[in-house]
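Ligands are counted one by one from 1 in listed order, and the atoms in each one are counted from 1 as well. One-based numbering along the sequence shown.
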Amino acid sequence: MTTDAPDVALETGPHDEPHQGGISNRLNWLRAGVLGANDGIVSTAGLVMAVAAATDDTGTIAIAGVAGLAAGALSMGAGEYVSVSTQRDSEKALLAKERRELDEEPEEELAELAGIYVGKGLSEELARRVAQELTEHDALAAHAEAELGIDPDELTNPWDAAWASMLAFTVGALLPLLTITLVVADLRVAVTVGAVAVALALTGWSSARLGYGPTRPAVVRNVAGGAFAMAVTYAVGALLGSHIG
Ligand SMILES: [Zn+2]
């Protein structure tokens, strides 16, 4: 393989963007993981902040935090399972329809595929050749990619998605849960706020990097969002604690 071959140029382009299924798929998982962790941090921090504002009792704070972690992780997992299952069902139905059409009217399907490449800028002749060669290689994969944007071999497994988001949420939730229960009463709110701010700066920075966006505004937004959530729930906890507790 020579260095000026076009496929090499594509693989090592100057911008280093994800352009192939494998890489962008892994990036999607990473992004989902960072978002899940972010969710775990913010929702658990908000929850324990409210309880800590209402009571000094470490046991009560711990029970609320653990319950919040479990409920949040299960809710994330179930939600992810449902949404990925639904998506997978519809992708499977679309693939089945495509398979049937390829079976019943291969000529029309070939013309349709060629038409897509003409629409993308290829000449009729070249589009026809591309369509023919792709069809000979793997007709279903070619149609799935061009018409549906689906890779038939890479459909997301709903269980994988569910476990991943539960795990990500749990990792995030553990941080505020541990600081609020392990740090001495006088300092636990301050230490938790500080730790959460640092963690949210990190998740904000990571998700901006993974999305090739500017990092500073992402960090500022993410930390501000978390600080706002903690301030509101702390106020709610203090208010309820003084009236009910
Ligand atoms: Zn088709």
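Between the Zn ion (ligand 1) and the N, O or S atoms of Glu109, the shortest distance is to OE1. Here the N, O or S atom of Glu98 that is nearest to the Zn ion (ligand 1) is OE2. Within His143, the N/O/S atom positioned nearest the Zn ion (ligand 1) carries the name ND1. Looking at Glu147, its N, O or S atom nearest to the Zn ion (ligand 1) turns out to be OE2.
By the 4.0 Å N-to-carboxylate-O rule, Glu133 lies close enough to Arg129 to be salt-bridged with it. Using a cut-off of 4.0 Å between Lys/Arg side-chain N and Asp/Glu carboxylate O, Glu101 and Lys97 are scored as salt-bridged.
Side-chain atoms of Thr58 and Arg188 include a donor-acceptor pair closer than 3.5 Å.
Inclusion of Glu112 in the first shell of the Zn ion (ligand 1) is supported: an N, O or S atom falls under 2.8 Å.
Counting non-hydrogen atoms of neighbouring residues, nucleotides and ligands closer than 6.0 angstrom, the CD atom of Glu105 exceeds 12 such neighbours.
Taking each heavy atom of Ser165 and Met76 in turn, the nearest pair found is OG-O, 3.5 Å.
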